[in-house]
Amino acid sequence: MGLELQRAGISLLENRVLRLEKNDKPFWLAGLGDQWAFFNRNRGAEDLPGTMAQITDDAPALLLAHEPDIFPHIPSRIGLTFCGHTHGGQVRVLGYSPIVPSNYGNRYAYGHIIEQGRHLIVSGGLGTGKVHVRLGVPPEIVLVET
């Protein structure tokens, strides 16, 4: 998939950052590698310290990470973190999912989470995991506007 995106001219932000501007206001967009890249929850391809070191000024910074499990380690320097991976739990009843692919269970399963002044948005996404069913978590694409 990564090679196909690159061939289409789409930059991959795997442990990389881009400095962008909107309305003459600079900001950083950072992306992490997959935390579970090697199918082991204790060994991934993400390099949070190396990625953060690429941010060279005090412009606002946003982070893209596949899995939300990284969120407790995100420094306050990051204004907003976006994740997916959990699909909202795929099955959700009264705000609770019985099975969530996360070391934190429902803590980061879905939605806008605020902890210690840091913000995380976890999208329900479009697909499913190993079990191809959704209940109480419709497919979604999240749009955040400023």
Side-chain angles (χ1 to χ4, degrees), residues 1-37 39 41 44-52 54-55 57-146:
M1 173 68 98
L3 188 54
E4 293 170 17
L5 293 172
Q6 288 175 333
R7 284 184 187 145
I10 298 171
S11 296
L12 297 180
L13 290 181
E14 186 170 358
N15 301 320
R16 293 185 43 225
V17 302
L18 287 175
R19 191 168 192 277
L20 304 167
E21 283 193 23
K22 181 176 181 183
N23 300 326
D24 295 323
K25 294 180 182 178
F27 67 97
W28 292 95
L29 185 60
L32 287 181
D34 194 325
Q35 296 159 58
W36 295 0
F39 302 102
R41 294 182 183 189
E46 87 285 353
D47 179 7
L48 181 59
T51 303
M52 294 302 299
Q54 296 171 53
I55 298 175
D57 63 27
D58 62 352
L62 307 174
L63 178 70
L64 308 173
H66 184 207
E67 302 92 348
D69 281 11
I70 194 75
F71 188 62
H73 309 287
I74 301 299
S76 60
R77 168 75 181 84
I78 299 294
L80 177 58
T81 301
F82 295 95
C83 296
H85 180 71
T86 64
H87 303 281
Q90 286 184 210
V91 174
R92 197 162 186 80
V93 179
L94 301 173
Y96 176 80
S97 297
I99 299 173
V100 179
S102 167
N103 291 326
Y104 296 95
N106 273 272
R107 182 174 170 184
Y108 304 128
Y110 180 73
H112 181 199
I113 297 117
I114 303 170
E115 288 185 356
Q116 300 175 352
R118 295 171 302 119
H119 293 258
L120 168 67
I121 294 177
V122 181
S123 167
L126 299 175
T128 60
K130 292 178 183 176
V131 178
H132 300 289
V133 65
R134 279 186 179 261
L135 175 66
V137 186
E140 72 175 354
I141 296 175
V142 175
L143 174 64
V144 177
E145 296 182 307
T146 59

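Residue indices begin at 1 and follow the sequence shown. Not measured: the values here are computed from a predicted model.
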- [ ] For I70 and E46, work out which heavy atoms get closest and say how close.
- [x] CD1-CG, 4.3 Å

TODO: Compare all side-chain heavy atoms of P139 with those of L126 and state whether any distance is below 4.5 angstrom.
DONE: yes

TODO: Kindly check if the number of other-residue, nucleotide or ligand heavy atoms within 6.0 Å of CD (Q116) is above 12?
DONE: no

Task: Side chains of P68 and H85 in contact at under 4.5 Å (non-hydrogen atoms) - done: yes

Task: I99 atom CD1: more than 12 heavy-atom contacts under 6.0 Å - done: no

- [ ] Starting at OG of S123, measure out to CG of L143 and round the result to the nearest 0.5 Å.
- [x] 11.5 Å

Open item on the list: So which atom in R134 and which in G124 form the shortest heavy-atom distance, rounded to 0.1 Å?
Closed with: NH2-O, 2.7 Å

Task: Atom CD1 of I114: over 12 foreign heavy atoms under 6.0 Å - done: yes

Open item on the list: Has D69 got a side-chain atom pairing as donor or acceptor with N103's backbone, closer than 3.5 angstrom?
Closed with: yes

TODO: Could you check H87, E140, R92 and say which one makes a side chain to side chain donor-acceptor pair (under 3.5 Å) with Y110?
DONE: E140

Task: Closest non-hydrogen atom pair between N106 and G95, with its separation - done: OD1-O, 4.2 Å

Task: Residue pair I121 / H112, side-chain heavy-atom distance below 4.5 Å - done: yes

- [ ] Taking the side chain as every heavy atom from C-beta outward, state whether I78 and R118 have any atom pair closer than 4.5 Å.
- [x] no

Open item on the list: Nearest 0.5 angstrom please: I113 CD1 to H119 NE2, how far?
Closed with: 11.5 Å

Open item on the list: Which heavy atom of G89 sits nearest to which heavy atom of S97, and what is that distance?
Closed with: CA-OG, 3.5 Å

TODO: Start with the C-alpha distance between V122 and F71, add both sets of side-chain angles, then the distance that settles side-chain contact (heavy atoms from CB on, under 4.5 Å), and finish with yes or no.
DONE: CA-CA 11 Å; V122 181; F71 188 62; over 6 Å; no

Task: Between CG on residue L63 and CE on residue M52, distance to nearest 0.5 Å - done: 7.5 Å

Task: Side-chain donor or acceptor of T51 paired with backbone N/O of V17 under 3.5 Å - done: no

Task: Minimum-distance pair of heavy atoms, taken over all atoms of G105 and V100 - done: O-CG1, 3.4 Å

Open item on the list: Listing request: all salt bridge (charged side-chain N to carboxylate O under 4.0 Å, His left out) pairs with a residue in residues 101-115, at least two apart in sequence or in separate chains.
Closed with: R107-E115

Task: Worked check of side-chain contact (heavy atoms from CB on, under 4.5 Å) between D57 and W28 - done: CA-CA 9 Å; D57 63 27; W28 292 95; 2.7 Å; yes

TODO: Could you grab the distance from atom OG1 of T86 to atom OH of Y104, nearest 0.5 Å is fine?
DONE: 14.0 Å

Task: Exercise: identify the closest heavy-atom pair between A59 and P26 - done: CB-O, 3.7 Å

Task: Q35 side, atom CD; H66 side, atom NE2 - distance, nearest 0.5 Å - done: 9.5 Å

- [ ] Enter the distance from L32:CG to I74:CD1 here, rounded to the nearest 0.5 Å.
- [x] 6.0 Å

TODO: Verify, without hydrogens or angle tests, whether D47 (side chain) and N15 (backbone) share a donor-acceptor contact under 3.5 angstrom.
DONE: no

Open item on the list: I'd like to know if the side chain of E14 reaches the main chain of D34, judged simply by a donor and an acceptor atom lying under 3.5 Å from each other, with no hydrogens or angles considered.
Closed with: no

